[in-house]
Amino acid sequence: MASVTYEHVYKRYPGNVVITDMSAEIKDKEFVVLVGPSGSGKSTALRMLAGLEEISDGAVKIGDRTVNDVAPKDRDIAMVFQSYALYPHMSVYDNLSFGLKLRKTPKAEIDRRVREAAQILGLEPFLDRKPKALSGGQRQRVALGRAIVRQPKVFLMDEPLSNLDAKLRVQTRVQILKLHQRLQTTFIYVTHDQVEAMTMGDRIVVLNNGIVQQFDTPQTLYEHPVNLFVAGFIGSPAMNFLNVKVGGDGQAALTAGDGFNVPVPERLLSQAGADRGQEVVMGIRPEDLKDARFPGRDDLPKIRAKVDVVENMGSENFVYFSVGNKPFTARMDPRSSDIQPSQSIDVAIDTGHIHLFDPKSEKALVSRGAPAAAVPAIKEAEQAQPQQVR
């Protein structure tokens, strides 16, 4: 078992900076997810840890050992790829045992490890089958089993569920979490899917353009994003943003024209350090926009909105509406299932959960009632913005 540390890591190609000053300390036995959009550098960060990409600057450590110049086979890690990478001519048993045979592991030990991994993953009935006779989910379990038999210090997973259908993704996600709980080993998992990241990670590294935006628990990322990118990337449906001006005669308010004039608590502005007349970016989560017809919402400020589209999900409704020409998304409970497109409705805003951002730096001024000082700051990028990467 081992911790993993990135110390001021850079990855450069000629004219292209892929990773910029990445620092992160991943604890022993922790499940950490690297998440970000395509091109954010998350796979490159994982491949540098695996030894499949050279490190331009900085250091990567597994435990107390710097592994920059250590061959991949000697790093005591196991990697699960998106493509499964199974040998099609070998049985499941032989796929699981192949790496151990190369290391000249005794036959009895190989058999013990293979059958133990097969039992953990429910692969015992399929040990004699070839990969072509397996479903996608079964193949993915074989790929996981091949990593398990290695008994590595660190498991690395590069978008292992992206080839599975939606239902199978959820099932396999649960299997991976159970696997982590059973093995008590460090897991580092790469995905572009923020729902996967939020449901799986003990902590999450949010990457964009090769720069670590925030590294924290799922709840902290959701409630206290440090900037506009994290706020917009984490959460589904995404946070609503609106350019507003701090105003109001005798009462603090956020205004944006077209009938958008929302009184807010004075403490919100004082925490943000925002003055009357200042322009800021307001962020509000879809669940904090509520159907004003129901009890408990009389004291909340309201806006008049025109409904564009309603998505009835059964347990909740996604209501897409506009105020003037400004679009919003609300997550409403089943009581709002009677709302129809083109209807005008009153929407109540839970101003206690408003986020405010600086429009120039894009950093949080106040994040769900917490002043920006209470949120970890982002390290300033020291290099030019990178180009498109994996």
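Numbering starts at 1 and runs along the sequence shown. Quick caveat: nothing in here was measured; it's all calculated off a predicted structure. The basis for the numbers below is simple: all heavy atoms, side chains too, and nothing from hydrogens, waters or symmetry mates.
Both the sub-6.0 Å distance and the 45° axial angle are satisfied by R335 relative to the ring of F294. With F215 as the aromatic partner, R203 meets the cation-pi criteria of under 6.0 angstrom to the ring centre and within 45 degrees of the ring axis. Relative to the ring axis of F260, R304 does not place its NZ or CZ within 45° and under 6.0 Å from the centre.
E279 and N243 share no side-chain donor-acceptor pair at under 3.5 Å. Residues E311 and Y320 bring a donor and an acceptor atom of their side chains to less than 3.5 Å of each other. Between E196 and T191, the side chains place a donor N or O and an acceptor N or O closer than 3.5 Å (distance only, hydrogens not considered). Donor-acceptor pairing under 3.5 Å is lacking for the side chains of T44 and E53. Checked by atom type, the side-chain pair T255/N261 shows no donor-acceptor distance below 3.5 Å.
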For D291 and R293, what are the C-alpha separation, side-chain angles and deciding distance, and is it a salt bridge (charged side-chain N to carboxylate O under 4.0 Å, His left out)? CA-CA 6 Å; D291 191 334; R293 294 176 295 173; 2.7 Å; yes

Pair K290, D333 - check salt bridge (charged side-chain N to carboxylate O under 4.0 Å, His left out), show working. CA-CA 9 Å; K290 306 174 185 294; D333 63 43; over 6 Å; no

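Panel note: side chain T105, backbone K101; no donor-acceptor pair is recorded below 3.5 Å. Judged purely by atom type and a 3.5 angstrom limit, K302 uses its side chain to pair as donor or acceptor with the backbone of D298. Checking side-chain atoms of S56 against main-chain N and O of R12 turns up a donor-acceptor pair under 3.5 Å. T185 places no side-chain N or O within 3.5 Å of a backbone atom of K153 that could act as its donor or acceptor partner.
For the pair P327 and D308, the minimum side-chain heavy-atom distance is 4.5 Å or more.
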